[in-house]
Structure formats: structure tokens, C-alpha cells
Amino acid sequence: MRIKDRPEFTSKPRVLTMPPETTVRAAVAEMCRRRYGSVVITDPEERLLGVFTERDVMTRVIDPGLDPDSTPLSAVMTSEIRVARADDNLIDWLRIMSNERFRRLPIVDEEGRVISMMTQGDFVSYTWPELIARLSLSAQATLGKNYPLGLLVAGSVALYTVVLIAVIAAAF
């Protein structure tokens, strides 16, 4: 499934963007006002330059003791970031984000302008119902109609009981 095929892709709120000379204090104030976890730093043509997150506030500003009133976003933003296109496969990006341990994925157009921001949580919440439906269909195909659910549950309980009795007997 492509990122843009999700109905939520078009309904997400507009990405919070700011120029690189914006101070950390101004960025954080706007992030708090809007309840956003990040701000995207863009050039005058709105092309992506970097991302500044809640975690960056702690690790790149507070911990080193920088002054948020005089520190520009350009000094503390993450400038080497992964970006996706709206036509990219959603499941592929969920795997990449999980493996590489990043949470925010800017979606850019052909000119590198940010058109959306997806989070790992967005992908999980958007794909969760679909994954459950696929598991259900897979279970039905595997078990077939010859194995009623009650028989499967009863067999599982019986197996658990036998294992439990064996463990208790081995303890004495």
C-alpha cells in the first residue's frame, strides 16, 4: 500500500515549518501551542532543510546548556534525515523506521518540499486494522472450516493442562 492511499494522509494537519534562523524558544513555544512534537525547518521555497524534535530540545539545547533565546534552529536541527514520497510503500517505511529507530518521516514532493509528516505511530495505527484482518483471513485459510474454534480452544487448554501436570510432577 502506498502512503498516499491511506485516507488519513490527506486529513493530517499541515506540517509546522519554520525558517532556520528561528530561535529554539520561538519554535518550542509554537510546538507547545499546537501540541506538535516537531518542527520542520525549510528554506524560502519550502524545501526541507532539517527537523527539530522534542528530544532535540533536551539533548541538543538543555543538556549542553545552550540559550534557547539566542540559539537558532539551524544550530540544533537534524539535517541528515530520511524522506519518503507519497507513492512509497507504507509497510516498507514502517520496517525501515523500526529498524533504524526514528519516529518521524517527512513526505516530500518532487522538488523536495514537505507535503506531510508521518510518524511511526501513524503507520502502526493506520495498518493495525488491516494486519488483524489479514491474520484473521490467514487463520481461516489455514484452519479451514473443518476445525471449529471451540475444538481449537479445547485442544489448547488440554495441551496446557498436560504440560502443567508434567512440570508439577517433575518438581516433586
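Values in this document were obtained by computation on a predicted structure and should not be read as measured data. Quick note: residue numbers are just sequence positions, from 1.
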Interatomic spacing from CZ in Arg47 to CG in Asp109 - rounded to 0.5 Å: 10.0 Å

Qualifying salt bridge (Lys or Arg N to Asp or Glu O under 4.0 Å) pairs, either residue in residues 63-75, two or more places apart: Arg25-Asp69

Arg85/Asp88 under salt bridge (charged side-chain N to carboxylate O under 4.0 Å, His left out): CA gap, chis, key distance, verdict: CA-CA 5 Å; Arg85 302 289 176 115; Asp88 288 353; over 6 Å; no

Within-4.5 Å side-chain heavy-atom neighbours: Glu46 and Val114: no

Single-linkage hydrophobic cluster Ile115~Val51, side-chain heavy atoms < 4.5 angstrom: no

Any side-chain heavy-atom pair of Arg103 and Arg55 under 4.5 Å: yes

Full working for side chain to side chain contact (heavy atoms under 4.5 Å, CB included) between Met18 and Leu73: CA-CA 9 Å; Met18 295 184 172; Leu73 291 176; 4.2 Å; yes

Joint cluster assignment, Met77 & Tyr36, ILVMFWY side-chain distance < 4.5 Å: yes

Residues forming a side chain to side chain contact (heavy atoms under 4.5 Å, CB included) with Arg82, sequence neighbours excluded: Trp93, Ile96, Glu100, Phe102, Leu105

Side chain to side chain contact (heavy atoms under 4.5 Å, CB included) partners of Glu54, counting only residues at least two apart: Met31, Arg104

Side chain Asp56, main chain Arg60, donor-acceptor under 3.5 Å: no

Atom pair CG (Leu16) and CZ (Arg34), whose distance is rounded to the nearest 0.5 Å: 5.0 Å

Flag side-chain contact, heavy atom, 4.5 Å: Pro106 against Ile81: yes

Hydrophobic cluster identity match, Val15 and Leu48, side-chain contacts under 4.5 Å: yes

Spacing of Leu49 atom CG and Ser79 atom OG [to the nearest 0.5 Å]: 9.0 Å

Within one Ile-Leu-Val-Met-Phe-Trp-Tyr cluster: Ile91 and Ile107, side-chain cutoff 4.5 Å: yes

Stepwise side chain to side chain contact (heavy atoms under 4.5 Å, CB included) check, Val24 with Leu66: CA-CA 10 Å; Val24 169; Leu66 298 179; over 6 Å; no

Ile41 reachable from Val61 in the ILVMFWY side-chain graph, under 4.5 Å edges: yes

